[in-house]
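Here the structure comes first, spelled out in structure tokens, and everything after it is commentary.
For this chain, numbers begin at 1 and follow the sequence in order.
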Amino acid sequence: MDSIPIRELWPSERPALYEHFLALESHDRRLRFGTRLGDATVREYVARIDFGHDAIFGVFDDELRLLGVAHVARSSAFAELGVSVLEGSRHRGIGGALLARAHLRARNWGVGALFMHCLMDNAAMMRLARRQGMGCVTQAGEADAWLKLAPADAGSHFGEVFAQRVALFDHALKSQLAGARRLAAALTSGRSSPVPGR
């Protein structure tokens, strides 16, 4: 998690979240949601997310596209986690970093456990769950992973604050660089255009 900036998303970023889920291949979308969802259903899912109650974390590339997303839904007894990473961005530690960030938030919420439900053929998520120390129970083609959480302490609260500040700085820097690239591209394009009357 230290080397991968993970920022908590805001309600205004629903469009970026929707685009992330649309970019998942059909098979990956099925693994993420447990069933095949059409674009309209995905849009409804994103529209229903309660950012004041749940937490959404994201990893951005240099063009501010969401490469990976974790949705942590809170209940009184546990937090449920869903993770997705775009195909071209896998095997870079993004999924594990998102899971660790979700673990920290769930712990700071004061819930007793972190829970993840997935299909058994979602081998990547099963590996991530086991690496995080989650116990897995499989039945009828589906799997449930549970992790008992330690109580929050000063270290866990500081860890979240620090992680968010690092991610905000990273996002601001990427925003400036992306803006500079767009401006340079526009200026270059303008110079290469023929001048009328010459």
Side-chain angles (χ1 to χ4, degrees), residues 1 4-75 78-106 109 111 114-129 132 134 136 138-146 164 167-168 170-171 174-175 178:
M1 187 171 67
I4 300 177
I6 298 173
R7 182 169 68 74
E8 187 166 3
L9 304 189
W10 306 305
S12 61
E13 293 176 295
R14 287 182 203 270
L17 192 56
Y18 176 63
E19 290 301 321
H20 168 80
F21 290 131
L22 283 192
L24 294 173
E25 298 293 335
S26 176
H27 175 69
D28 294 330
R29 201 185 293 189
R30 172 183 161 272
L31 292 180
R32 167 58 182 84
F33 294 104
T35 187
R36 298 189 189 280
L37 297 185
D39 294 355
T41 307
V42 171
R43 186 183 293 276
E44 289 171 11
Y45 163 77
V46 171
R48 287 197 310 268
I49 294 174
D50 183 349
F51 282 77
H53 185 267
D54 297 349
I56 310 293
F57 298 105
V59 174
F60 293 84
D61 69 5
D62 291 342
E63 298 301 324
L64 304 181
R65 182 177 64 135
L66 278 169
L67 302 179
V69 169
H71 179 180
V72 194
R74 175 171 34 171
S75 74
F78 61 88
E80 184 173 0
L81 172 65
V83 174
S84 54
V85 179
L86 297 183
E87 184 175 6
S89 302
R90 292 173 193 157
H91 310 294
R92 291 164 43 186
I94 291 175
L98 286 166
L99 204 159
R101 184 75 168 85
H103 176 182
L104 196 58
R105 170 55 59 88
W109 274 339
V111 297
L114 181 63
F115 166 71
M116 190 165 54
H117 177 83
C118 66
L119 301 176
M120 277 184 64
D121 55 340
N122 195 343
M125 284 310 302
M126 297 293 289
R127 280 194 303 272
L128 285 176
Q132 191 70 19
M134 302 180 85
C136 299
T138 59
Q139 183 178 7
E142 299 185 348
D144 291 335
W146 289 89
Q164 182 70 356
L168 285 170
D170 174 76
H171 193 267
K174 286 175 178 174
S175 296

- CA sep, side-chain torsions, deciding dist, call: Thr41, Phe33, side-chain contact (heavy atoms from CB on, under 4.5 Å): CA-CA 11 Å; Thr41 307; Phe33 294 104; over 6 Å; no

- State plainly whether the residues Lys174 and Asp170 are in salt-bridge range, i.e. N to O under 4.0 Å.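 Asp170 and Lys174: salt-bridged.
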
- Message: With side-chain contact (heavy atoms from CB on, under 4.5 Å) as the criterion, how do Phe60 and Leu66 come out once you've worked through the C-alpha distance, each side chain's angles and the decisive distance to 0.1 Å?
- Response: CA-CA 5 Å; Phe60 293 84; Leu66 278 169; 3.5 Å; yes

- Task: Quick one: do Met126 and Cys118 satisfy side-chain contact (heavy atoms from CB on, under 4.5 Å)? Show the steps, please.
- Result: CA-CA 8 Å; Met126 297 293 289; Cys118 66; 3.7 Å; yes

In Å and rounded to the nearest 0.5 Å, what is the [atom1] to [atom2] distance from [X] to [Y]?
| X | Y | atom1 | atom2 | value |
| --- | --- | --- | --- | --- |
| Ile4 | Leu98 | CD1 | CG | 8.0 Å |
| Arg43 | Leu22 | CZ | CG | 7.0 Å |
| Leu81 | Met134 | CG | CE | 7.0 Å |
| Cys136 | Trp146 | SG | CH2 | 12.0 Å |
| Glu44 | Asp39 | CD | CG | 11.5 Å |
| Leu104 | Ile6 | CG | CD1 | 10.0 Å |

Nearest heavy-atom neighbours spanning [X] and [Y]:
| X | Y | value |
| --- | --- | --- |
| Leu67 | His20 | O-CE1, 3.4 Å |
| Val111 | Ser75 | CG1-O, 3.5 Å |
| Arg32 | Val83 | CD-O, 3.3 Å |
| Ala102 | Val72 | CB-CG2, 3.5 Å |

- Count the heavy atoms belonging to other residues, nucleotides or ligands that lie under 6.0 Å from NE2 of His53, then report whether that count exceeds 12.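 Count over threshold, so yes.
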
- Task: Report, as yes or no, whether the 6.0 Å neighbourhood of atom CZ on Arg74 holds more than 12 heavy atoms from other residues, nucleotides or ligands.
- Result: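 Atom CZ in Arg74 is packed in, count exceeds 12.
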
Is [Y] close to [X] at the side-chain level, that is, under 4.5 Å between some pair of heavy atoms?
| X | Y | value |
| --- | --- | --- |
| Leu119 | Leu31 | yes |
| Leu114 | Phe78 | no |
| Glu8 | Arg105 | yes |
| Ile49 | Leu17 | yes |
| Leu24 | Ser84 | yes |
| Phe21 | Val46 | yes |
| Tyr18 | Val42 | yes |
| Leu86 | Arg65 | yes |

- Examine His71 together with Tyr45 and report whether their ring centres are nearer than 6.0 Å. yes

- Item | Test side-chain contact (heavy atoms from CB on, under 4.5 Å) applied to Met116 and Leu99, step by step | CA-CA 10 Å; Met116 190 165 54; Leu99 204 159; 4.3 Å; yes

- Item | Distance under 6.0 Å and angle within 45° of ring axis: Arg7 vs Trp10 |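 The answer is yes; both the distance and angle limits are met.
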
- Query: Quick one: does Arg29's side chain have a donor or acceptor within less than 3.5 Å of a partner on Leu37's backbone?
  - Reply: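 Indeed, once roles are kept as given, a pair shorter than 3.5 Å links the two residues.
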
- Query: For Asp54, does its backbone N or O pair with a side-chain atom of Asp50 as donor and acceptor, under 3.5 Å?
  - Reply: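 The answer is no, because no donor-acceptor pair under 3.5 Å joins these two groups.
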
- Task: Let me see the working for Arg36 and Ser26 under side-chain hydrogen bond (donor to acceptor under 3.5 Å, both in side chains), right down to the final yes or no.
- Result: CA-CA 7 Å; Arg36 298 189 189 280; Ser26 176; 3.2 Å; yes

- Please assess His117 against Glu80 for the test side-chain hydrogen bond (donor to acceptor under 3.5 Å, both in side chains), listing each intermediate value before the final yes or no. CA-CA 8 Å; His117 177 83; Glu80 184 173 0; over 6 Å; no

